[in-house]
Amino acid sequence: MELSPSCRPGRRAVLAALGAAITVTATTRPAAASAGAAGVAGEASPARVSGKRQLRGLWVTSLDNIDWPQRSGLSAERLRADFVALLDEASAIGFNAVFVQVRPTADAFWPSPFEPWSQWLTGSQGQNPGWDPLEFMIGAAHERGLAFHAWFNPFRVAIQPDPAKLLPSHPARRNPDWAVVYNGEIYYNPGVPAVRTFVQQAVMDAVQRYDIDGVHIDDYFYPYPAPGTVEFPDDAAFAADSRGFTDRAAWRRDNVNLMVRQLRDLVRAARPEAAYGISPFAVWRNHTSDPVGSATIALQSYDAQYSDSRAWVRNGWVDYIAPQIYWYIGFTVADYAVLAPWWAEQTAGTDTQLWIGQSAARPGAPGRPAPWQDPAELSRHLALNATLPAIGGDIFFSARSVRIDRIGAIKRLAADHWNHPALAPLLPRLAHGTPPGPPTPQTLDDRRTVRITPWFGAESSDPFKYAVYCYDSDPGPAPPPDPARLASLLPALTVDHYQPPAGATGAWLAATAVDRAGREGPASSPVRIPEGTGPSISPRR
């Protein structure tokens, strides 16, 4: 059955600010760029619609006020408005998940009993802002149908070297044997068992108290090595708790592995449907050091940061891995076209999802080499990804660069690859849960607006989104949820009315309900829209 032009997927534009009446306007996505071979300058091959699931994630960095808050000390009203604007812009582009940094430097964006309020929020470490940013951010994201992944940095304490500048009550000052100064910054020592326990407690406080969709850990375990031969100062910790290791590097890797594995167990016990994953430096080992390594000549995270990311994947210690492949196709030291297939090979046949960390900051950045001055470079990355079934999506660093979009690289990739809305990936371990029941779409009195009523059953999960499918003729009593016919994803918390685009005369619509884990229930019976109008999606009444 061919897709009628009048039913081609629309895009949702900006939701109104939180607390106001929510109205969403559907507009047509930009036409895809002309097809060309991936890797040819100026051209990128738009991905075919082969499935309906793709992670389209956005990193939101709080450290040093990179993304949000835009600067410290802003009023609560301004902070809330800025965050809502960020979410609205992300949603309009096509993102379906945000990864928000809520523990950047052994501090907190929520009232933590373990660590002080973040200085990046108020301007002063420990100063209470008088509201709960984490609770607000989660609610604002969910109202827009965006998954909220809480991003935690495990061991970084400060991006300056003086412990005296920390609050006197800071755990790193109350336990001076926990912290070390290295390369101008302060870190918790991963080799101290009490440190690992404490970090897990600090993270789990947020996991247990807040309705998050995921726990995200970045690449900072042991810090990146300082220039020269400066060693991380952990002699005392190694002597106190070597656990039979004689090789310091192997012991350090085991410290990290313990942290990764133990936190995984805690997260799954407390919030079983939350995704747990890590975004490591993209080079595990070079093939010159290890025959199963990648054909690269770059820093090796296995040796430099003691992060055995390949073992995390192969042992099932993470739900997903998101290697930060921040290099262009053809880069001699670490070629994107080498690393993406290498990671796809490592995750193939496992239950570990592969999402690629992409740099939105490099396209158009002054001083970057020629490939980064081409707006099509990131689009070529996604075109290559589309040839590798193991890759389930991307996360872009970071929100400020996406919003600036210096040379239109984000606009280009969205036009080339995000013409259809996409459900978030479903973790294999959650696939067997009970999805929501079929909603009931009904045309209203104007015969051009569809109200979607949820179905609640004792065993089914609650709807998080409604997926609206469009057909050019009657699809029968069991409409196929064909990804090519997915016209819109509506946030179930705020939107339950749908009007198809103008000109959709004779269109047939069906809907499914999708829960927070990504499980999609059965399709509703179809309804027919006798004449087109719009375009609009009305708010929940």
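- Annotation: Trp120 is not in aromatic contact with Phe109 [ring centroid separation under 6.0 Å not met].
- Contact between Arg144 and Asp88 at its shortest, heavy atoms only, is NE-OD1, 2.7 Å.
- Residues that satisfy the side chain to side chain donor-acceptor pair (under 3.5 Å) test with Tyr220, not counting sequence neighbours, are absent from this structure.
- A salt bridge between Asp405 and Lys411 is absent, with no side-chain N of the basic residue lying under 4.0 Å from a carboxylate O of the acidic one.
- When atom types are taken as modelled, the side chain of Arg400 and the backbone of Ile66 share a donor-acceptor pair closer than 3.5 angstrom.
- Listed for the Arg271 side chain is a donor-acceptor partner under 3.5 Å among the backbone atoms of Tyr210.
- Separating the CG atom in Leu339 from the CZ atom in Phe331 is a distance of 10.5 Å, to the nearest 0.5 Å.
- Of the possible donor and acceptor atoms, none in the side chain of Arg156 sits under 3.5 Å from a partner among the backbone N and O of Tyr187.
- Rounding to the nearest 0.5 angstrom, the gap separating the CG atom in Leu423 from the OG1 atom in Thr512 is 7.0 Å.
- Checked for salt-bridge contact, Asp319 and Arg429 meet the test: a charged N lies under 4.0 Å from a carboxylate O.
- Taking CG of Leu266 as the start and OH of Tyr276 as the end, the distance is 9.0 Å to the nearest 0.5 Å.
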message: Walk me through whether Asn385 and Tyr336 qualify under side chain to side chain donor-acceptor pair (under 3.5 Å).
response: CA-CA 10 Å; Asn385 291 0; Tyr336 186 93; 2.7 Å; yes
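- Here the side chain of Ser279 pairs no donor or acceptor atom with the backbone of Gln324 at under 3.5 angstrom.
- Checked against side chain to side chain donor-acceptor pair (under 3.5 Å), Gln208 has no partners two or more places apart in sequence or in another chain.
- Nearest heavy atom pair, residue Asn153 against residue Phe155, reads OD1-N, 3.4 Å.
- The two residues Gln358 and Leu378 come nearest to each other via the heavy atoms OE1-CD2, 3.8 Å.
- Proximity of a side-chain donor or acceptor of Asn96 to a complementary backbone N or O of Gln54 within less than 3.5 Å is detected.
- Remark: Leu146 CG to Leu87 CG distance equals 6.0 Å, nearest 0.5 Å.
- Pro225 has its side chain within reach of Leu299: a pair of non-hydrogen atoms, C-beta onward, lies under 4.5 Å apart.
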Intermediate values then yes/no, side-chain contact (heavy atoms from CB on, under 4.5 Å), Ser118 and Ser62: CA-CA 9 Å; Ser118 178; Ser62 59; 5.6 Å; no
message: Run Thr105 and Gln160 through side-chain contact (heavy atoms from CB on, under 4.5 Å) and show every step you take.
response: CA-CA 11 Å; Thr105 45; Gln160 54 82 23; over 6 Å; no
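- Pro227 places a side-chain heavy atom less than 4.5 Å from the side chain of Asn183.
- Taking Arg519 as the reference, Glu273, Asp515 meet the side chain to side chain donor-acceptor pair (under 3.5 Å) condition, with sequence neighbours excluded.
- With sequence neighbours excluded, the residues forming a side chain to side chain donor-acceptor pair (under 3.5 Å) with Tyr469 are Lys52, Glu520, listed by chain and number.
- Considering only heavy atoms from C-beta on, Ile217 stays 4.5 Å or farther from Met259 through its side chain.
- Heavy atoms only, all atoms of each residue included: Arg196 and Leu258 are closest at NH2-CD1, 3.8 Å.
- Looking at Trp327 and Arg362, their side chains come closer than 4.5 Å, going by heavy atoms from C-beta outward.
- In this structure, CD1 on Ile404 lies 11.5 Å from CD1 on Ile410, to the nearest 0.5 angstrom.
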task: Run the numbers on His381 and Ile325 for side-chain contact (heavy atoms from CB on, under 4.5 Å), then give the verdict.
output: CA-CA 10 Å; His381 292 193; Ile325 313 182; over 6 Å; no
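- Nearest heavy atoms, Asp241 versus Pro193: OD2-CG, 3.3 Å.
- Although no hydrogens or angles enter the test, the distance criterion places no donor-acceptor pair under 3.5 Å between the side chain of Gln353 and the main chain of Ile391.
- Looking only at side-chain heavy atoms (C-beta outward), Phe245 and Asp247 stay at 4.5 Å or farther from each other.
- Looking at heavy atoms from C-beta onward, Val402 lies in side-chain contact with Ile93 at the 4.5 angstrom threshold.
- Taking the six-membered ring where tryptophan is involved, the planes of His216 and Tyr320 are essentially parallel, since the angle between them stays under 30° and well short of 60°.
- When side chains are defined from C-beta on, Pro133 does not count as touching Phe83, because their heavy atoms never get closer than 4.5 Å.
- In this structure Ala106 satisfies the side chain to side chain contact (heavy atoms under 4.5 Å, CB included) test together with Arg103, Glu115, Val157, His170, Tyr188, sequence neighbours excluded.
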task: Apply the test side chain to side chain donor-acceptor pair (under 3.5 Å) to residues Trp110 and Asp205: give CA-CA distance (whole Å), side-chain angles for both, the deciding distance (0.1 Å), then the verdict.
output: CA-CA 10 Å; Trp110 73 95; Asp205 179 65; 2.7 Å; yes
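- For Phe148 and His142, the ring centers sit 6.0 Å or farther from each other.
- Judged by distance alone, with hydrogens and angles left aside, the side-chain atoms of Glu377 form no donor-acceptor pair with the main-chain N or O of Trp372 at under 3.5 Å.
- Judged by distance alone, with hydrogens and angles left aside, the side-chain atoms of Thr347 form a donor-acceptor pair with the main-chain N or O of Trp343 at under 3.5 Å.
- A side-chain donor-acceptor contact under 3.5 Å links Tyr224 and Asp219.
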Name the atoms and distances for all side-chain donor-acceptor pairs under 3.5 Å in residues 286-293, with sequence neighbours left out.
{"unit_1": "Asn286", "atom_1": "OD1", "unit_2": "Thr296", "atom_2": "OG1", "d": "2.6"}
{"unit_1": "Asn286", "atom_1": "OD1", "unit_2": "Ala298", "atom_2": "N", "d": "3.2"}
{"unit_1": "Asn286", "atom_1": "ND2", "unit_2": "Ala298", "atom_2": "O", "d": "2.7"}
{"unit_1": "Ser289", "atom_1": "OG", "unit_2": "Gln300", "atom_2": "OE1", "d": "2.8"}
{"unit_1": "Ser289", "atom_1": "OG", "unit_2": "Gln300", "atom_2": "NE2", "d": "3.4"}
{"unit_1": "Asp290", "atom_1": "OD1", "unit_2": "Val292", "atom_2": "N", "d": "3.0"}

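- Test Tyr306, Tyr222, Trp251, Phe238 against Phe232 for ring-ring contact (aromatic ring centres under 6.0 Å, His included) and you get one pass: Tyr222.
- We find the OH-OG distance between Tyr302 and Ser307 to be 11.5 Å, quoted to the nearest 0.5 Å.
- In this structure, Phe198 and Trp178 have tilted ring planes: the angle between them lies in the 30° to 60° band.
- Judged by distance alone, the side chains of Trp151 and Asp218 do bring a donor and an acceptor atom under 3.5 Å apart.
- Between Met137 and Trp68 the shortest heavy-atom distance is SD-CZ3, 3.4 Å.
- Between Trp342 and Arg310 the shortest side-chain heavy-atom distance falls below 4.5 Å.
- Between Arg248 and Asp234 there is a salt bridge, since a side-chain N of the basic residue sits under 4.0 Å from a carboxylate O of the acidic one.
- Judged by distance alone, the side chain of Arg368 and the main-chain N or O of Pro363 form no donor-acceptor pair under 3.5 Å.
- Panel note: side chain Ser461, backbone Thr434; a donor-acceptor pair is recorded below 3.5 Å.
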